[in-house]
There are 2 protein chains.
Amino acid sequence: MFIIGELINGMYSNIGRAIKEKNIAIIQKCALQQINAGADALDVNCGPASRQPISDIQWLVKAIQEITDVPLCIDSSKPQVIESGLQIMKNKAIINSTTADPEKLEVLVPLAKKYNARLIGLTISAKGIPQNKDQRLELAAAIVANCSEQGFPIENLFLDPIVMPLNVAQAQIKDILETINEFKIISEPSPKSIVGLSNISQGTLFRSLINRTFLTMALNFGLDAAILDPTDKDLLDAAITAELILNKQIYCDSYLKAYKKKEG
Amino acid sequence: MFIIGELINGMYSNIGRAIKEKNIAIIQKCALQQINAGADALDVNCGPASRQPISDIQWLVKAIQEITDVPLCIDSSKPQVIESGLQIMKNKAIINSTTADPEKLEVLVPLAKKYNARLIGLTISAKGIPQNKDQRLELAAAIVANCSEQGFPIENLFLDPIVMPLNVAQAQIKDILETINEFKIISEPSPKSIVGLSNISQGTLFRSLINRTFLTMALNFGLDAAILDPTDKDLLDAAITAELILNKQIYCDSYLKAYKKKEG
């Protein structure tokens, strides 16, 4: 599984403060913690409170690139903020994210092509969040079709089924898991699948338990990537063990250590 | 999920000693611990060291029945030991287990019918442990066919795919998970599926982690029952959460407590 660390986000108070005070040490420490814990890439989001998101995202990207080469995932709803991050990126980036709306796709797919970036496509549109598997797959197919028309390589597309909180949409969760599996048959080559994991446990009392149980099941359904907190050791241990059971990593007695060593 | 507690087994030294010394308090305490932790039934096995398995199994059944009415799962490879347990059983029992060998089925299926017991059928034969899904399903179909011919109700049959240790048969584990799902389509009504969970982690260093990750995935594939250690809190929490994600239990904030309360 491709792990994108979610912790560099201005909505977290420590990161929000570090962005405001331009405290580079806090950002770099958070980046290294996530990489050491097993992150393959880092999400970078200046948060809803940022007044200068363009300069803030550039400051964040520069701060992180000083100490690591892992890919960065530029997370913003504003295309101009995303592009300002892409402009100074040393390595292949990930754009987080486009919706299935044509006006979004017409801006973000060309941006992804221009910067040779991977792209996360959310199966959501201006009409709202889909209510079942068919609606999710319909939006996924629209994103894939648009990317194909624009000549964007589908293997660089990550589709996100939009995970709903368990306490809000319990009856839909199995459908969401099955959607992950069905993304693979939309086109050949297949798009990849991704989830923003922490949504599943939003507002519940046992967040880590629900996160790791859902992630284990999603891996079972062929999940390729997740945006998550890699410093949640129980979560990472569950994910690594799930991949071992699915024969995607080779068993050895010290497999947990062996997996994490691959990163650093 | 139907949980069968595995701890009353003479192979564990405390239980082996209690059987030898006829220490009823130890057996009853172990029974109550498992029930309070969430067990729906209790496996009863006098262990390989028992010299009088017939009188030992009867002593165990009597000791447990003094304090609880939960179904007991009589666990022995010897049909006469199983029958001696069934003879004194107050409630509907479970027979653990038959293989797919005709000579076993011809003895154990009539026994299950006579005592109105449920029956666990292992997809294994005198030829050995199956090496792939097709071989497992072939043996499963043979068990189902034999049960049908003898007029045993298939909804009372639990099929066990034979879980192999992850460190021995890593490449087979996904196949075993898929077998669980395919048991359902062998006949209508469907047989149920069951696993002896702890086999998966035999000889590994992270037994609880591997057990709960495998169980979560097996539930995803439609597993109906498992023989396991219900006092492993992390394991039960994972199983309950998996059922919640699959919409088999109703979400409430205190769902872990609510599930366990159903038992007692």
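Letters go in sequence order (proteins before strands), and every chain restarts at 1. Side-chain atoms are counted along with the backbone in the values below, which use heavy atoms only and exclude waters and symmetry mates.
- Of the listed residues (B:Thr241, B:Leu177, B:Ile176), the one with the most heavy-atom contacts under 4.5 Å to chain A is B:Thr241.
- When atom types are taken as modelled, the side chain of B:Asp232 and the backbone of B:Leu235 share a donor-acceptor pair closer than 3.5 angstrom.
- Across A:Met217 and B:Ala242, no two heavy atoms sit closer than the pair CE-O, 3.7 Å.
- Counting heavy atoms from C-beta outward, A:Asn96 and A:Ile227 have side chains that approach closer than 4.5 Å.
- The cationic group of B:Arg17 does not satisfy the cation-pi geometry with B:Tyr12, failing either the under 6.0 Å distance to the six-membered ring centre or the 45° limit from the ring axis.
- Residues of residues 119-145 of chain A having a heavy atom under 4.5 Å from any heavy atom of chain B: none.
- Looking at B:Asp224 and B:Lys184, a side-chain N of the basic residue comes within less than 4.0 Å of a carboxylate O on the acidic one, giving a salt bridge.
- By the 6.0 Å contact criterion, NZ on A:Lys29 is open, its count of non-hydrogen atoms from other residues, nucleotides or ligands being 12 or less.
- The closest side-chain heavy-atom distance from B:Ile15 to B:Asn9 is not below 4.5 Å.
- Looking at B:Ile200, there are no atoms closer than 4.5 Å to chain A (heavy atoms on both sides), in backbone or side chain.
- Between A:Phe158 and A:Phe2, the ring planes are parallel. Angles under 30° get that label, and only those over 60° would be called perpendicular.
- Heavy-atom pairs under 4.5 Å with chain A were tallied for B:Ile245, B:Thr216, B:Leu205, B:Leu246; the largest tally goes to B:Ile245.
- The candidate from B:Leu166, B:Ile210, B:Leu209 with the greatest count of non-hydrogen atom pairs under 4.5 Å with chain A is B:Leu209.
- Ranking B:Phe221, B:Tyr255, B:Phe214 against chain A, the residue ahead of the rest is B:Tyr255, based on heavy-atom pairs under 4.5 Å.
- Ranked by heavy-atom pairs shorter than 4.5 Å toward chain B, the options A:Asp175, A:Asp234, A:Thr204 are led by A:Thr204.
- For B:Lys92, the NZ atom sits in a packed shell: over 12 heavy atoms of surrounding residues, nucleotides or ligands are nearer than 6.0 Å.
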